[in-house]
Amino acid sequence: MDDLSRRRMLITGGALGALGALGAASPARAKSLWTWAPSGSVAGKGAGVDPDWVWDEEADPVLAAVIERGEVAKVNAALRTWTRNDQPLPDGLPADLRDFMERAHQLPPWTDRAKLADAARFTTKKGIYTGALYGLGSGLMSTAIPREARAVYYSKGGADMKDRIAKTAQLGYDVGDLDAYQPSGGMVVTAVKTRLVHAAVRHLLPQSPGWSRTSGGQTIPISQADIMVTWHSLATFVMSKLIDWGVRISPAESAGYLHVWQVTAHLLGVLDEYIPASWDEANAQSRQVLDPILASTPEGVELTGVLLDIVAELDAGLTRPLINGFTRYTLGNRTGDLIGLDKEPFWQPLISAAWPLLVAFREGLIPLPLIPQAAWTVEEALRKFVLFYLSEGRGPSIEIPDANRPS
Ligand code: HEM
């Protein structure tokens with residue numbers, strides 16, 4: 001059976017079909033059985049099929065056809081002019097792509113504008129924390145997610161890793177824009193373009209010898225489960241760290257932050273039955289899909305080096321040990337080891353002691369004199385890093401790839 005018909009069978013065949021196929025595939029994969037129930041999703045119900053066997057039924061055939069017809073350059077040229085949520089789709093798109101995008105750029109019916117506003121307020125207040133967590137937490141954790149590291153490494157963008165590595169974390173910042181989902185914002189556009197890129201990658205990567213050699217038996221990359229893994233490395237991880245650090249978050253801000261990520265997942269093509277309805281459900285799903293798969297790969301270690309070199313360029317390497325120390329503090333030593341971060345016997349204990357004090361001060365819990373000088377040094381380095389992402393880090397517009405990384 002070819003991949004497409006197998007996929008169709010699994011999507012329509014319900015849980016039994018999925019379990020059968022999972023059994024057949026499990027020797028190639030170290031992962032737990034999918035037991036997360038669709039009753040915990042924004043849809044509240046669903047077939048319960050393992051999302052590892054679901055990709056993007058709507059986008060994938062359209063992007064495969066665009067690539068096969070040699071229309072990628074034409075489509076990219078048209079899409080460059082499409083930047084705002086309230087803009088109509090640009091002229092010059094092939095009819096099948098236009099039809100798909102007309103549907104794909106609608107906000108889900110369950111969008112709650114008040115919650116989106118709460119999320120924007122939250123990011124305005126806590127930007128330094130979320131910025132540091134996206135850039136140094138999620139960004140570096142992605143290199144310990146084997147499927148993501150390898151997909152990025154062997155895809156076209158992998159040839160310019162410095163440009164590429166910043167981009168998933170970048171989306172985290174865009175999600176926090178004040179007007180992200182307002183008519184004047186750009187998140188609908190960014191998410192839909194990303195959905196197109198992922199669909200193109202699903203068509204292209206299976207043709208890459210490097211990817212096929214290392215994919216651990218997966219025949220099509222970027223399943224719905226994979227997308228949720230990355231989603232948790234962004235949203236769920238950031239929220240759990242903020243709570244760990246004792247950052248004050250009101251219930252409305254917490255719900256708003258979740259909501260903005262729920263809407264983003266929907267626009268990225270994740271089925272509503274896989275999008276967690278609450279933080280409790282998100283944490284449960286994250287424990288099932290993200291925690292067990294973190295691992296070291298040569299591709300991930302190389303990507304880590306590239307990301308840290310970006311940091312080093314900001315200040316001739318002066319703060320690199322400090323950034324290593326902060327990242328180890330944030331991600332933990334296990335993940336730090338997995339991605340090949342240097343151990344920092346001086347900085348790490350110092351940061352572990354100073355950072356909670358700094359947060360407590362910023363949250364109005366302790367007075368200024370209790371803050372050690374080192375805490376300000378750490379904060380200043382993080383601020384630089386976050387500003388880099390927010391300004392120079394912003395690359396050119398998102399482009400659909402037409403080939404893999406040259407091997
Ligand atoms: C491209 C974000 C999940 C692999 C992109 C781009 C963005 C993005 C913004 C466009 C970058 C550009 O400007 O070229 C996200 C988000 C995800 C997610 C927010 C989940 C919430 C994944 C997963 C994988 C993956 C799970 C693989 C397992 C890729 C690859 C590219 C890409 C290979 C294309 C790189 C290239 O050739 O340029 N993603 N991504 N992504 N993403 Fe994702």
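Residue numbers run from 1 in the order of the sequence given.
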[X] side chain to [Y] backbone, donor-acceptor under 3.5 Å:
X: Gln182; Y: Ser184; value: no
X: Gln262; Y: Pro276; value: yes
X: Thr111; Y: Leu107; value: no
X: Thr190; Y: Gly186; value: yes
X: Ser41; Y: Pro38; value: yes
X: Arg202; Y: Ile222; value: yes
X: Arg113; Y: Tyr181; value: yes
X: His259; Y: Asp112; value: yes
X: Ser208; Y: Leu204; value: no
X: Gln87; Y: Thr83; value: yes

Residues Asp272, Lys45; criterion salt bridge (Lys or Arg N to Asp or Glu O under 4.0 Å); working and verdict = CA-CA 9 Å; Asp272 287 355; Lys45 59 181 175 9; over 6 Å; no
Is the closest side-chain donor-acceptor distance between [X] and [Y] under 3.5 Å?
X: Asp60; Y: His203; answer: no
X: Glu148; Y: Thr230; answer: yes
X: Tyr154; Y: Ser212; answer: no
X: Thr130; Y: Thr123; answer: no
X: Gln224; Y: Trp53; answer: no
X: Gln288; Y: Thr35; answer: yes
X: Trp231; Y: Thr236; answer: no

Determine whether [X] and [Y] make a side-chain contact, defined as any pair of heavy atoms from C-beta on separated by less than 4.5 Å.
X: Met239; Y: Leu258; answer: no
X: Thr297; Y: Thr214; answer: no
X: Trp376; Y: Leu358; answer: yes
X: Ile323; Y: Thr327; answer: yes
X: Ser138; Y: Val238; answer: yes
X: Tyr129; Y: Val359; answer: yes
X: Gln218; Y: Asp226; answer: yes
X: Ile249; Y: Phe122; answer: yes

Closest contact, heavy atoms only, [X] versus [Y]:
X: Asp50; Y: Val54; answer: O-CG2, 3.8 Å
X: Ala120; Y: Asp177; answer: CB-O, 4.4 Å
X: Leu303; Y: Thr143; answer: CB-CG2, 3.8 Å
X: Ser155; Y: Val152; answer: OG-O, 3.1 Å
X: Asp56; Y: Arg195; answer: OD2-NE, 2.7 Å
X: Pro94; Y: Val66; answer: CG-CG2, 4.5 Å

Nearest 0.5 Å, please: how far is [atom2] in [Y] from [atom1] in [X]?
X: Ile145; Y: Arg150; atom1: CD1; atom2: CZ; value: 13.0 Å
X: Gln106; Y: Leu267; atom1: CD; atom2: CG; value: 9.5 Å
X: Leu242; Y: Arg248; atom1: CG; atom2: CZ; value: 14.5 Å
X: Leu133; Y: Met141; atom1: CG; atom2: CE; value: 9.5 Å
X: Lys74; Y: Leu97; atom1: NZ; atom2: CG; value: 9.5 Å
X: Ser233; Y: Met228; atom1: OG; atom2: CE; value: 10.5 Å

Which residues satisfy the salt bridge (charged side-chain N to carboxylate O under 4.0 Å, His left out) test with Asp179, sequence neighbours excluded?
-> none
May I have the step-by-step check of side chain to side chain contact (heavy atoms under 4.5 Å, CB included) for Leu308 and Arg320, ending in yes or no?
-> CA-CA 7 Å; Leu308 290 176; Arg320 181 156 172 168; 3.5 Å; yes
Could you walk me through whether Glu363 and Trp245 pass the side-chain hydrogen bond (donor to acceptor under 3.5 Å, both in side chains) check?
-> CA-CA 10 Å; Glu363 297 300 309; Trp245 286 353; over 6 Å; no
Salt bridge or not between [X] and [Y]? Use side-chain N to carboxylate O under 4.0 Å.
X: Lys126; Y: Glu253; result: no
X: Lys115; Y: Asp118; result: no
X: Glu379; Y: Arg362; result: yes

Test side-chain hydrogen bond (donor to acceptor under 3.5 Å, both in side chains) applied to Asp52 and Ser223, step by step = CA-CA 5 Å; Asp52 220 10; Ser223 67; 3.1 Å; yes
Please assess Leu136 against Thr330 for the test side chain to side chain contact (heavy atoms under 4.5 Å, CB included), listing each intermediate value before the final yes or no.
-> CA-CA 8 Å; Leu136 291 169; Thr330 306; over 6 Å; no
Using the ring of each side chain (for Trp, its six-membered ring), is Trp261 parallel, tilted or perpendicular to Tyr134, with breaks at 30° and 60°?
-> tilted
For the residue pair Trp82 and His105, categorise the inter-ring angle as parallel (less than 30°), tilted (30 to 60°) or perpendicular (more than 60°).
-> perpendicular
Given Lys156 and Glu399, is the salt bridge (Lys or Arg N to Asp or Glu O under 4.0 Å) satisfied, shown in steps?
-> CA-CA 10 Å; Lys156 187 176 185 185; Glu399 302 267 319; over 6 Å; no
Could you list the donor-acceptor pairs under 3.5 angstrom formed between side-chain atoms of residues 335-347 and any protein atom two or more places apart in sequence or on another chain?
| residue | atom | partner | partner atom | Å |
| --- | --- | --- | --- | --- |
| Asp337 | OD1 | Arg328 | NH1 | 3.2 |
| Asp337 | OD1 | Arg328 | NH2 | 2.7 |
| Glu344 | OE2 | Asn324 | ND2 | 2.8 |

Start with the C-alpha distance between Leu79 and Ile400, add both sets of side-chain angles, then the distance that settles side chain to side chain contact (heavy atoms under 4.5 Å, CB included), and finish with yes or no.
-> CA-CA 9 Å; Leu79 288 182; Ile400 300 168; 3.9 Å; yes
Between Phe326 and Trp355, does the ring centroid distance fall short of 6.0 Å?
-> yes
For the residue pair Trp110 and His266, is the inter-centroid distance of their aromatic rings smaller than 6.0 Å?
-> yes
